[in-house]
Protein chains: 2
Amino acid sequence: MKSNSLFKGSLNTIILTLLKQNDRMYGYEITQKVKEMTSSDLIITEGALYPALHKLEGDGLLTVSIEKVGNRNRKYYQLTENGKTETVNRLNDLKDFIEQMQLILNTKLATQ
Amino acid sequence: MKSNSLFKGSLNTIILTLLKQNDRMYGYEITQKVKEMTSSDLIITEGALYPALHKLEGDGLLTVSIEKVGNRNRKYYQLTENGKTETVNRLNDLKDFIEQMQLILNTKLATQ
DNA sequence: CAAATATACCTAAAACTCTTAGGTATCAAA
DNA sequence: TTTGATACCTAAGAGTTTTAGGTATATTTG
């Protein structure tokens with residue numbers, strides 16, 4: 001099918017945008033959501049996700065709150081104000097990237 | 001403006017597609033072409049380009065022919081048959097990536 | 001004409017991101 | 001009771017790009 005690898009930087013954009021859409025989510029939920037939305041075409045590995053979440057938190061773009069569900073801890077992540085700003089920036093970067101690729105490749109890359 | 005970084009894997013796709021469009025090009029020419037086409041928004045650094053060209057050659061996707069211009073050597077690169085096939089694959093991967101991102105981000109990323 | 005800029009190739013260290021391959025533990029279903 | 005799902009995590013390695021050099025010829029500019 002396709003190389004199931006992400007493009008550089010797209011993971012952070014995915015995380016930030018999902019949190020913008022859903023207010024708060026926990027890590028495992030993000031992996032399942034992406035899997036579901038792309039019909040299992042895109043798999044976010046946990047080895048990539050958790051370090052990315054920790055870095056976004058360290059950069060002040062996310063905050064965490066731990067919630068006990070049954071006997072297990074869930075870590076819910078939420079956008080900070082900086083996080084909301086950065087989400088807009090990342091989306092603009094992605095749009096710029098696609099526009100640049102269209103210029104170079106001389107091709108419409110996205111349908112409609 | 002924007003983070004002037006490429007997205008992972010996009011450099012190879014750019015190289016291959018430019019060679020498909022222009023039959024043969026040399027390294028420096030590729031950097032200038034991309035700069036010109038994107039109004040200096042996207043800069044291909046030589047530190048990324050030359051190793052990428054060597055790898056594509058090693059993988060059998062490109063062939064080289066050296067041409068003396070004045071007193072300097074230019075290395076012209078050209079797609080092999082495998083290279084032509086791989087170019088189509090890379091373009092399809094990029095289109096798939098954009099479609100997946102549109103699904104996840106719930107946004108039209110490319111105009112038209 | 002000298003010095004700066006452009007052309008044209010190159011490499012190596014470091015940074016960064018993601019994959020692979022583990023690990024722990026709880027909970028539900030077979 | 002054992003498998004699979006849920007839920008977190010880390011570390012080694014692979015791969016790509018940036019940064020920061022290096023060499024040399026050709027052209028432009030002050």
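Chain identifiers are assigned alphabetically (A, B, ...) following the order of the sequence lines, protein sequences preceding nucleic acid strands; residue numbering begins at 1 within each chain.
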Does a side-chain N or O from [X] land closer than 4.0 Å to OP1 or OP2 of [N], or not?
X        : N       : answer
Thr45(A) : dC18(C) : no
Lys75(B) : dC10(C) : yes
Tyr50(B) : dT11(C) : no
His54(A) : dC8(D)  : no
Tyr26(B) : dC9(C)  : no

[X] [atom1] - [N] [atom2] separation (whole Å):
X        : N       : atom1 : atom2 : answer
Leu49(B) : dT19(D) : CG    : P     : 16 Å
Ile14(B) : dT16(D) : CD1   : P     : 14 Å
Tyr28(A) : dA5(D)  : OH    : C1'   : 5 Å
Arg74(A) : dC9(D)  : CZ    : P     : 14 Å
Asn71(A) : dT6(D)  : CG    : P     : 18 Å
Leu56(B) : dT17(D) : CG    : P     : 10 Å
Glu46(B) : dA13(C) : CD    : C1'   : 18 Å
Met25(A) : dA7(D)  : CE    : P     : 12 Å

Open item on the list: Check whether Gln21(B) reaches the backbone of Leu105(A) with its side chain - one donor and one acceptor, N or O, closer than 3.5 Å.
Closed with: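 Confirmed, Gln21(B) side chain pairs with Leu105(A) backbone.
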Open item on the list: Determine whether a donor-acceptor pair (N or O, by modelled atom type, separation under 3.5 Å) exists between the side chain of Thr80(B) and the backbone of Gly60(B).
Closed with: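 At least one qualifying donor-acceptor pair exists.
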- [ ] Please list residues of residues 62-70 of chain A whose heavy atoms come under 4.0 Å from any atom in DNA chain C, ordered by number; otherwise none.
- [x]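 Correct list: Gly70(A).
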- [ ] Any pair with a residue in residues 30-40 of chain A that passes salt bridge (charged side-chain N to carboxylate O under 4.0 Å, His left out), sequence neighbours left out, goes on the list, sorted by first then second residue, please.
- [x]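 Qualifying pairs, neighbours excluded: none.
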Open item on the list: Test: ring pair (Phe, Tyr, Trp, His ring centres under 6.0 Å). Region: residues 8-47 of chain B. Which pairs qualify, not counting sequence neighbours?
Closed with: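 Non-adjacent pairs meeting ring pair (Phe, Tyr, Trp, His ring centres under 6.0 Å): Tyr26(B)-Tyr76(B).
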- [ ] Can you tell me which residue pairs pass the ring pair (Phe, Tyr, Trp, His ring centres under 6.0 Å) test with a partner in residues 40-68 of chain B, sequence neighbours excluded?
- [x]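 Residue pairs passing ring pair (Phe, Tyr, Trp, His ring centres under 6.0 Å), neighbours aside: none found.
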Task: Residues which pass salt bridge (charged side-chain N to carboxylate O under 4.0 Å, His left out) with Arg90(A), listed by chain and number, not counting sequence neighbours - done: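 Listed in chain order: Glu86(A).
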Open item on the list: Does Gly27(B) reach a base, just sugar-phosphate, or nothing at all? Heavy atoms under 4.0 Å.
Closed with: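 The answer is sugar-phosphate, as Gly27(B) gets under 4.0 Å only of primed atoms, P, OP1 or OP2.
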TODO: For Glu29(A), report the nucleic acid contact type (base, sugar-phosphate, nothing); a contact means any heavy atom under 4.0 Å.
DONE: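 Since no nucleic acid heavy atom lies under 4.0 Å of Glu29(A), the category is nothing.
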Open item on the list: Let me spell it out: for each of Lys55(A) and Tyr77(B), pick the nucleotide of DNA chain C with the closest heavy atom. Which residue's pick is nearer the 5' end?
Closed with: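 So the residue in question is Tyr77(B).
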Task: Toward the 5' end of DNA chain C, by each residue's nearest nucleotide, Asn12(A) or Arg72(A) - done: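 Counting from the 5' end, the first nearest nucleotide belongs to Asn12(A).
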Task: Pair listing, side-chain hydrogen bond (donor to acceptor under 3.5 Å, both in side chains) test, anchored in residues 60-72 of chain A, at least two apart - done: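 Sorted pair list: Arg24(A)-Glu67(A).
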